Amino acid sequence: MAIAALDLGRRRIGVAVTDAATIGAHPLGIVERRALKHDLDAIATMLRDRDVNMIIVGLPLNMDGSEGPAARGTKTFAERLAEALGVTVEMFDERLTSFEARERLADMPARKGTRKTGLDALAAVVILEGWMQAHPDKIPHGGG
């Protein structure tokens, strides 16, 4: 069983997954956002052969921890995702994940034009790693 994570942006959704042993996380790619059905279908296609039983969605809380319009929209998306894919979906505070992803990306060699898409997928990795550290008891195959 694998775990996936999503970093929802206005234009792109970054996708990351755990490795086969559920020990580490790696970027899987991005979905260019169009409409809800397209987005859900594209995510389902990306995850189809990965035996994903849980998806972690980054929750964009305000810096004071309160929920704004973006967080409410993300929760609605997460509910639709759970219905469409038939998997457990959990929310995870994503504050500062984009900052950390930018820092990691700056240290990596990348071709011009790949940084934006790489950032979205890397932000999903940061979300997944953070969730895994916070919830070792929920990781299948002895991740604790």
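All figures in this text were calculated on a predicted structure; none of them were measured in a lab.
- Interatomic distance, CG of D120 versus CG of L6, reported as 11.5 Å (0.5 Å rounding).
- Shown here for N62 and G68, the closest heavy-atom pair between the two residues is ND2-N, 3.7 Å.
- Residues satisfying the side chain to side chain donor-acceptor pair (under 3.5 Å) criterion with H38, sequence neighbours excluded, are R34.
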Does the side chain to side chain contact (heavy atoms under 4.5 Å, CB included) test come out yes or no for V17 and H26, once each step is laid out?
-> CA-CA 6 Å; V17 292; H26 63 274; 3.4 Å; yes
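- With sequence neighbours left out, the salt bridge (Lys or Arg N to Asp or Glu O under 4.0 Å) criterion links E90 to K138.
- In this structure, A84 and L40 approach most closely via the heavy-atom pair CB-CD1, 4.0 Å.
- Distance CZ/R12 to CD1/I30: 6.0 Å, rounded to 0.5 Å.
- Every pair passing salt bridge (charged side-chain N to carboxylate O under 4.0 Å, His left out) that includes a residue from residues 52-73 is listed here, sequence neighbours excluded: E67-K75.
- No path of Ile, Leu, Val, Met, Phe, Trp and Tyr side chains, each step under 4.5 Å between heavy atoms, connects I127 with M46, placing them in separate hydrophobic clusters.
- Without hydrogens or angle criteria, T18 side chain to I3 main chain gives a donor-acceptor distance under 3.5 Å.
- Of all heavy-atom pairs between A78 and M91, the closest is CB-SD, 3.5 Å.
- Atom CZ of F92 is separated from atom CG of L61 by 10.5 Å, given to the nearest 0.5 angstrom.
- Between D41 atom CG and L85 atom CG the span is 9.0 Å, to the nearest 0.5 Å.
- When hydrophobic clusters are built by joining Ile, Leu, Val, Met, Phe, Trp and Tyr residues whose side-chain heavy atoms come closer than 4.5 Å, directly or via intermediates, V57 is grouped together with L59.
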Test side chain to side chain contact (heavy atoms under 4.5 Å, CB included) applied to W131 and I139, step by step = CA-CA 10 Å; W131 182 88; I139 300 171; 4.1 Å; yes
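- Partners of N53 under the side chain to side chain donor-acceptor pair (under 3.5 Å) rule, at least two apart in sequence or in another chain, do not exist in this structure.
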For side chain to side chain contact (heavy atoms under 4.5 Å, CB included), just list the numbers for L8 and I13, CA-CA rounded to whole Å, side-chain angles, deciding distance to a tenth of an Å, and then say yes or no.
-> CA-CA 5 Å; L8 298 182; I13 300 170; 3.7 Å; yes
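- Side-chain heavy atoms closer than 4.5 Å link hydrophobic residues (I, L, V, M, F, W, Y) into clusters, and following such links, even through other members, never connects I43 to V125.
- Residues A134 and P136 come closest through the heavy atom pair C-CD, 3.4 Å.
- The salt bridge (charged side-chain N to carboxylate O under 4.0 Å, His left out) contacts involving residues 47-63 comprise nothing, where partners must be two or more places apart or lie in separate chains.
- Scanning both residues, G14 and A124, for their nearest heavy atoms gives O-CB, 3.5 Å.
- Under the 4.5 Å side-chain heavy-atom criterion for grouping Ile, Leu, Val, Met, Phe, Trp and Tyr, V87 is connected to V31 within one hydrophobic cluster.
- Rounding to the nearest 0.5 angstrom, the gap separating the CD atom in E94 from the CD1 atom in I56 is 13.0 Å.
- In this structure, P27 and A121 approach most closely via the heavy-atom pair CB-CB, 3.6 Å.
- Under the salt bridge (Lys or Arg N to Asp or Glu O under 4.0 Å) criterion, R33 pairs with D39, sequence neighbours left out.
- Paired with V15 under the rule side-chain contact (heavy atoms from CB on, under 4.5 Å), one option of L47, L128, I55 passes, and it is L47.
- L36 is connected to L81 through a chain of hydrophobic side-chain contacts under 4.5 Å among Ile, Leu, Val, Met, Phe, Trp and Tyr, so both are in one cluster.
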